[in-house]
Amino acid sequence: MTEKQKYLLKLFREVDEICREHNLRYVLAGGSLIGALRHEGFVPWDDDVDLYMPRPDWEKFIEICKTELPPDREIQCSEVDRNYTNSFPRYASTNTCAIHKSQIIGKDCGGEIIDILTLDPVPADDKEYEKYRTHMMIYSDLINISVGYSDRWEIPVSMYLKYLLSYIFLGKNRTLEKLEKIMFSYKEEECDRYAMRWGGCPFLFDKDMMFPVKYMNFENIKVMVPNRMSDYLIWHYGDEWSYIPPHGERESHESIYVPGANYQEIRDEYMPRISRGRIRRQMTFRKFYCLLMAKKDHKLDVERNRIRAEAAAKDLEARLLRSERSLETLLAEKRFDVLNEIFDNYYKIQLSAEFIGREDYNGIRPFYHPTLIRTEDGTFQAAMLT
């Protein structure tokens with residue numbers, strides 16, 4: 001383990017102990033869950049810990065920590081601290097420095113953290129989820145000025161403007177309270193699904209994918225993990241989740257990490273040189289502009305993908321015609337090397353993030369609006385008989 005991972009493990013132990021003592025549910029998630037399954041601990045290059053916690057448990061966790069929080073610790077969530085710059089909560093250290101990009105001009109704690117992504121109950125009705133998602137995107141945009149969320153969903157610019165004006169004239173607290181009343185109105189016992197509260201993309205989970213929990217080893221700690229771990233990881237990362245990526249594809253999070261320093265000391269050095277008002281105005285204008293341009297940008301993406309799809313279909317047809325043996329023969333002879341060569345370009349394009357998306361910040365739009373490469377039935381019928 002790295003020194004950073006040792007410190008994160010200390011923070012995680014504290015969260016785990018509070019949850020066990022008070023019978024609160026959580027599950028290890030994301031890269032941390034991959035680490036538990038693949039390494040029985042941290043992924044060697046990982047630099048955070050990801051947990052999911054149902055909103056009712058998180059609300060109890062907040063109340064417990066008002067009297068039982070260890071020294072030099074802080075609960076971070078927008079419901080508690082309106083200066084916080086993320087839509088999902090964190091358990092943070094106040095005597096360390098790990099300032100993320102979204103926190104550069106903020107006033108919230110910029111120490112080492114455990115990400116605790118809240119599972120908000122939502123009904124099975126997709127219209128209710130869309131209602132939740134729309135308000136969550138606006139909520140995230142108002143909390144964090146450094147990132148644009150709503151434009152990827154074509155949230156009506158008039159709706160964003162309504163809440164932005166409320167933010168300006170009625171205040172941040174009253175505006176966020178309005179949004180929270182809408183988003184957090186559903187009761188867990190009446191819902192079949194959870195929406196994982198993240199501004200980048202509120203993932204949807206069936207409740208039985210997460211609970212009841214199972215247990216696994218993580219750095220010699222018995223931790224709670226999802227009920228259907230394999231289903232969750234395949235759904236989230238694809239079939240290749242268990243493979244160790246090449247060195248150049250090993251991702252970690254970017255933050256200003258200064259060992260031995262307090263985040264406030266670092267902020268005191270650079271904040272006087274920054275015009276926070278100018279940055280906020282620029283980012284607000286950028287969000288508004290992106291919303292206005294979203295529909296046009298998405299149409300251009302659709303047209304670009306349509307042209308690429310037609311070219312890919314023609315390319316596949318040409319490869320099939322050039323083949324000296326029929327698809328039927330190649331399958332019978334198990335010549336998968338030849339078949340792979342024929343379909344290689346087709347699969348690369350069809351399965352790309354641009355065509356079918358990913359459930360992440362950049363790929364969520366095409367995930368809900370995929371592009372399919374269309375081929376004529378006759379193309380394959382002819383190839384079977386060649």
Side-chain angles (χ1 to χ4, degrees), residues 30 50 52 55 76-79 81-90 100-106 108 115-120 122 126-168 172 175-184 194-205 236 253-254 279-301 353-354 357-369:
D50 297 313
Y52 292 167
R55 192 180 74 237
Q76 292 186 294
C77 63
S78 56
E79 302 100 296
D81 179 8
R82 293 308 193 193
N83 290 317
Y84 183 51
T85 53
N86 254 315
S87 57
F88 60 85
R90 285 170 167 165
H100 291 75
K101 287 189 291 185
S102 64
Q103 298 175 295
I104 292 298
I105 64 170
D108 57 330
D115 285 333
I116 305 178
L117 295 107
T118 314
L119 298 175
D120 292 329
V122 292
D126 285 341
K127 288 184 179 179
E128 290 297 321
Y129 167 64
E130 289 170 9
K131 175 183 172 184
Y132 167 91
R133 187 183 69 199
T134 296
H135 289 88
M136 174 55 71
M137 294 301 100
I138 295 173
Y139 184 78
S140 302
D141 267 320
L142 295 177
I143 287 173
N144 187 349
I145 67 161
S146 67
V147 185
Y149 299 102
S150 300
D151 55 294
R152 292 166 305 132
W153 304 92
E154 292 183 14
I155 304 299
V157 68
S158 57
M159 190 173 183
Y160 174 70
L161 183 60
K162 166 190 166 184
Y163 282 103
L164 178 61
L165 292 174
S166 172
Y167 181 103
I168 294 170
K172 185 176 184 178
T175 304
L176 295 183
E177 282 181 348
K178 286 181 185 178
L179 289 163
E180 288 164 355
K181 189 174 181 180
I182 297 169
M183 293 186 300
F184 308 151
Y194 293 118
M196 187 269 280
R197 192 196 308 176
W198 176 45
C201 169
F203 301 150
L204 270 179
F205 301 116
H236 197 358
H253 299 79
E254 296 179 10
I279 292 173
R280 288 182 184 278
R281 288 192 296 272
Q282 289 175 340
M283 294 307 301
T284 300
F285 174 79
R286 177 177 174 271
K287 285 176 187 282
F288 195 69
Y289 175 79
C290 289
L291 275 168
L292 284 172
M293 298 299 293
K295 192 167 289 188
K296 182 178 179 181
D297 289 342
H298 294 156
K299 284 182 179 179
L300 289 173
D301 288 340
E354 292 83 0
R358 300 287 186 271
E359 288 200 282
D360 58 22
Y361 179 82
N362 293 314
I364 194 60
R365 170 76 189 176
F367 180 83
Y368 279 89
H369 304 277

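Any value given below was found using the heavy atoms of this structure, including those in side chains, with hydrogens, waters and symmetry copies removed.
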Start with the C-alpha distance between Tyr361 and Trp198, add both sets of side-chain angles, then the distance that settles side-chain contact (heavy atoms from CB on, under 4.5 Å), and finish with yes or no. CA-CA 10 Å; Tyr361 179 82; Trp198 176 45; 4.2 Å; yes

Given Met183 and Asp120, is the side-chain contact (heavy atoms from CB on, under 4.5 Å) satisfied, shown in steps? CA-CA 8 Å; Met183 293 186 300; Asp120 292 329; 5.9 Å; no

Chi angles and distances behind the side-chain contact (heavy atoms from CB on, under 4.5 Å) call for Arg197, Arg55: CA-CA 9 Å; Arg197 192 196 308 176; Arg55 192 180 74 237; 3.7 Å; yes

When you look at Ile138 and Lys162, which way does the side-chain contact (heavy atoms from CB on, under 4.5 Å) test go after all the steps? CA-CA 10 Å; Ile138 295 173; Lys162 166 190 166 184; over 6 Å; no

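Legend: residues meeting side chain to side chain contact (heavy atoms under 4.5 Å, CB included) with Lys131, ordered by chain and number and at least two apart, are Glu128, His135, Ile182, Tyr186.
Nearest heavy-atom pair, Asp151 versus Cys290, reported as atom, atom and distance to 0.1 Å: CB-O, 3.6 Å. Between Met283 and Val147, the shortest heavy-atom contact is CE-N, 4.4 Å. Here the closest heavy-atom approach between residue Tyr129 and residue Pro202 is recorded as OH-O, 2.8 Å. Residues Pro89 and Tyr84 come closest through the heavy atom pair C-OH, 3.9 Å. Ser166 and Lys178 make their closest contact through OG-NZ, 3.8 Å (heavy atoms, listed as atom of the first residue, atom of the second, distance). A pairwise comparison of heavy atoms in Tyr194 and Val122 identifies C-CG2, 4.2 Å as the closest pair.
Ring pair Phe288/Tyr160 is tilted by interplanar angle, where 30° to 60° counts as tilted.
For the atom pair Ser140 OG and Phe88 CZ, the distance stands at 9.5 Å (nearest 0.5 Å). Distance check: Tyr163 OH to Thr175 OG1 gives 9.0 Å after rounding to the nearest 0.5 Å. Taken from OG in Ser78 to CG in Asn144, the straight-line distance is 11.0 Å, to the nearest 0.5 Å. We find the OG-CG distance between Ser87 and Leu176 to be 11.5 Å, quoted to the nearest 0.5 Å. Rounding to the nearest 0.5 Å gives a distance of 4.0 Å between OG1 of Thr134 and CD1 of Ile155. Separating the CG atom in Leu291 from the CG atom in Asp141 is a distance of 6.5 Å, to the nearest 0.5 Å.
In this structure, the side chain of His369 does not engage the main chain of Arg365 through any donor-acceptor pair within 3.5 Å.
Within the 4.5 Å cutoff, the side chain of Ile104 has no heavy atoms near those of the Ile279 side chain. When side chains are defined from C-beta on, Ile143 does not count as touching Asn86, because their heavy atoms never get closer than 4.5 Å. Residues Tyr149 and Met136 have side chains not in contact (no heavy-atom distance under 4.5 Å, counting atoms from C-beta outward).
Aromatic ring centres of Phe205 and Tyr52 lie closer together than 6.0 Å.
A cation-pi geometry, defined here as NZ or CZ lying under 6.0 Å from the six-membered ring centre and within 45° of its normal, holds between Arg133 and Tyr368.
Between Glu180 and Arg82 there is a salt bridge, since a side-chain N of the basic residue sits under 4.0 Å from a carboxylate O of the acidic one.
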